[in-house]
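What follows is one structure encoded as structure tokens, with my remarks underneath.
Quick note on labels: first sequence line is chain A, next is B, and so on, each numbered from 1. Computed from a prediction, not measured in an experiment: that's the story for all the values here. The basis for the numbers below is simple: all heavy atoms, side chains too, and nothing from hydrogens, waters or symmetry mates.
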2 protein chains.
Amino acid sequence: MMNKSFRDYLRSKGLKSTHQREVVVDLFLRLDTHCSVEDLYHAAQRKDKRIGYSTVYRTLKLLVEAGLAEERRFSGEVTRFELVHRGKHHDHLICIKCGRIIEFTNDRIEKLQEKVAKKHNFKISDHKYEIYGYCSRCKK
Amino acid sequence: MMNKSFRDYLRSKGLKSTHQREVVVDLFLRLDTHCSVEDLYHAAQRKDKRIGYSTVYRTLKLLVEAGLAEERRFSGEVTRFELVHRGKHHDHLICIKCGRIIEFTNDRIEKLQEKVAKKHNFKISDHKYEIYGYCSRCKK
DNA sequence: TTGAAAATGAAATTCAGTTTCAATTAGTTT
DNA sequence: AAACTAATTGAAACTGAATTTCATTTTCAA
């Protein structure tokens with residue numbers, strides 16, 4: 001049930017596969033929203049009352065370490081975690097009214113970013129492009 | 001000594017010009033770094049021991065309200081404030097080793113951003129583009 | 001089965017950010 | 001210039017998310 005890559009990651013680090021981790025990881029992989037620790041905690045609670053907040057928190061951190069999740073913190077929001085889909089980097093449009101998060105990719109922007117970096121003799125390791133505004137449903 | 005726009009802003013809102021505000025605003029305008037409340041508080045303390053942290057905090061918020069400063073929060077960092085220079089929007093390159101912040105602007109990226117928004121029927125109100133990596137001094 | 005190491009949940013802690021409140025100050029009105 | 005009113009101040013208290021602690025429980029290799 002639990003993701004193979006994650007189980008492999010645990011083994012490689014000498015960590016243990018526990019019932020709680022199974023539940024949390026399983027839920028995280030299913031829910032394909034950008035969820036907060038809070039969100040996942042409640043979802044996990046519905047499956048098993050004994051799963052604590054700290055465990056959810058720690059499991060999400062492990063998922064990030066394992067490279068399966070990414071931590072995002074949008075302006076004025078709590079930290080959210082998203083599933084990393086096969087090396088495909090993407091950025092976000094965030095609706096400031098309803099909170100909807102839309103992912104986008106744009107190769108031409110990435111190319112221009114390279115140029116900007118070169119101009120400043122800067123070695124890029126990561127970037128974050130967030131566009132805030134109103135989504136199609138909220139703009140009128 | 002204190003910025004005219006800020007004084008005007010205070011009057012327009014029926015707020016008062018105080019010694020503390022004079023000192024804090026004056027320092028903020030001089031220091032052209034991206035400074036934290038902490039930074040400014042220490043600078044202000046050197047000028048006048050009686051200036052408290054809350055006053056610095058509140059004065060920075062006022063500067064933002066007045067449109068003279070912008071609040072920025074880079075990944076893993078505390079909130080920083082930067083002076084708004086004449087309507088010129090810019091983005092940032094942030095060195096993950098030494099913390100240096102380099103500003104950049106790129107019209108072509110802004111244009112592409114418009115396209116992305118249009119494609120998703122999204123009305124942009126703001127954006128944030130942060131590129132993390134190693135600056136020229138730290139990259140070797 | 002057992003023992004060592006890791007994991008757990010509840011509670012405590014941290015830390016930046018923010019608010020409260022009694023005392024002080026600014027600046028208008030008399 | 002004195003009085004008055006509302007805004008401001010600094011210290012301390014509070015907030016809320018994130019993180020850690022710790023005694024107990026669980027995993028899993030030997």
Side-chain angles (χ1 to χ4, degrees), chain A residues 1-2 6-27 34-66 69-81 99, chain B residues 1-2 6-25 34-66 69-81 99:
Chain A
M1 199 95 311
M2 179 159 67
F6 187 61
R7 187 167 272 153
D8 287 348
Y9 177 78
L10 292 179
R11 305 203 103 243
S12 78
K13 295 278 172 182
L15 305 177
K16 292 165 182 173
S17 274
T18 66
H19 166 67
Q20 287 91 329
R21 285 175 179 168
E22 297 268 342
V23 173
V24 174
V25 172
D26 194 43
L27 280 168
H34 292 69
C35 62
S36 64
V37 178
E38 197 69 15
D39 293 340
L40 247 194
Y41 169 67
H42 286 122
Q45 279 278 304
R46 259 173 262 125
K47 293 250 170 188
D48 184 341
K49 282 284 175 203
R50 289 167 310 164
I51 296 177
Y53 178 89
S54 343
T55 299
V56 175
Y57 168 79
R58 288 184 282 226
T59 305
L60 280 167
K61 289 273 159 186
L62 277 175
L63 280 162
V64 171
E65 280 173 42
E70 273 182 20
E71 213 172 316
R72 302 270 176 196
R73 190 180 198 155
F74 302 121
S75 178
E77 277 281 311
V78 296
T79 300
R80 294 185 173 279
F81 294 82
Chain B
M1 199 94 307
M2 180 159 66
F6 188 59
R7 189 165 271 154
D8 288 349
Y9 177 77
L10 292 180
R11 305 202 102 244
S12 78
K13 294 279 174 183
L15 305 177
K16 293 166 182 171
S17 272
T18 66
H19 167 67
Q20 288 89 331
R21 284 175 181 168
E22 296 270 342
V23 173
V24 173
V25 172
H34 292 69
C35 61
S36 63
V37 177
E38 197 70 14
D39 294 340
L40 248 194
Y41 170 67
H42 286 121
Q45 279 277 306
R46 261 175 260 125
K47 294 250 170 189
D48 184 341
K49 282 282 172 203
R50 289 167 311 164
I51 296 177
Y53 178 90
S54 341
T55 298
V56 175
Y57 167 79
R58 288 185 283 224
T59 304
L60 280 166
K61 288 273 159 185
L62 277 174
L63 281 162
V64 172
E65 279 174 42
E70 271 181 21
E71 214 173 314
R72 303 270 176 196
R73 191 179 198 158
F74 302 121
S75 177
E77 276 282 310
V78 296
T79 299
R80 295 184 173 278
F81 294 82

Once you round to the nearest 0.5 Å, how far does CZ of A:Arg80 lie from CD of A:Glu71? 12.5 Å

Rounded to whole angstrom units, what separation is found between the CG atom of B:Leu10 and the C1' atom of D:dT9? 15 Å

Given atom CZ of B:Arg50 and atom P of D:dA11, what is their separation to the nearest angstrom? 11 Å

Between D:dA18 atom P and A:Phe81 atom CZ, what is the distance in whole Å? 7 Å

Could a donor-acceptor pair under 3.5 angstrom be found where the side chain of B:Arg58 meets the base of C:dG17? no

In terms of ring plane angle, is the pair A:Tyr41 and A:Tyr53 parallel, tilted or perpendicular, where the classes change at 30° and 60°? perpendicular

Taking A:Gln45 for the side chain and A:Ile51 for the main chain, is one N or O donor matched with an acceptor at less than 3.5 Å? yes

Nearest heavy-atom neighbours spanning B:Leu10 and B:Lys16: CD1-O, 3.7 Å

Answer with base, sugar-phosphate or nothing: what part of the nucleic acid does A:Lys49 contact at a heavy-atom distance below 4.0 Å? nothing

Can you tell me if the side-chain N/O atoms of A:Gln20 get under 4.0 Å from OP1 or OP2 in C:dG9? yes

Here the distance between atom P of D:dG16 and atom OH of A:Tyr53, to the nearest Å, is 13 Å

Taking 4.0 Å as the cut-off, does a side-chain nitrogen or oxygen of B:Tyr57 come that near to OP1 or OP2 on C:dT18? yes

Spacing of A:Tyr9 atom OH relative to C:dA7 atom C1', expressed in whole Å: 15 Å

Expressed in angstrom and rounded to an integer, what is the separation of B:His19 atom NE2 from C:dT24 atom C1'? 14 Å

Of all the heavy-atom pairs spanning A:Val78 and A:Ser36, show the shortest one and how long it is. CG2-CB, 3.8 Å

Please give, in whole Å, the distance from D:dT8 P to B:Leu60 CG? 15 Å

B:Arg73 versus A:Arg73: any side-chain heavy-atom pair under 4.5 Å? yes

Please list, pair by pair, any protein nitrogen or oxygen found under 3.5 Å from a nitrogen or oxygen in nucleotides 28-30 of chain D.
| from | atom 1 | to | atom 2 | distance (Å) |
| --- | --- | --- | --- | --- |
| D:dC28 | OP1 | A:Ser17 | N | 3.0 |

For D:dT9, does OP1 or OP2 lie under 4.0 Å from any side-chain N or O of B:Arg21? yes

Under 3.5 Å, is there an N or O donor on one side and an acceptor on the other linking the side chain of B:Ser54 and the base of D:dA11? yes

Looking at every strand, decide which applies to A:Glu38 at a 4.0 Å heavy-atom threshold: base, sugar-phosphate, or nothing. nothing

Using a heavy-atom cut-off of under 4.0 Å over every strand shown, decide if B:Lys61 touches base, sugar-phosphate, or nothing. sugar-phosphate

Student check: side-chain heavy atoms of B:Leu62 and B:Leu15 closer than 4.5 Å: yes

Expressed in angstrom and rounded to an integer, what is the separation of A:His42 atom NE2 from D:dA17 atom P? 11 Å

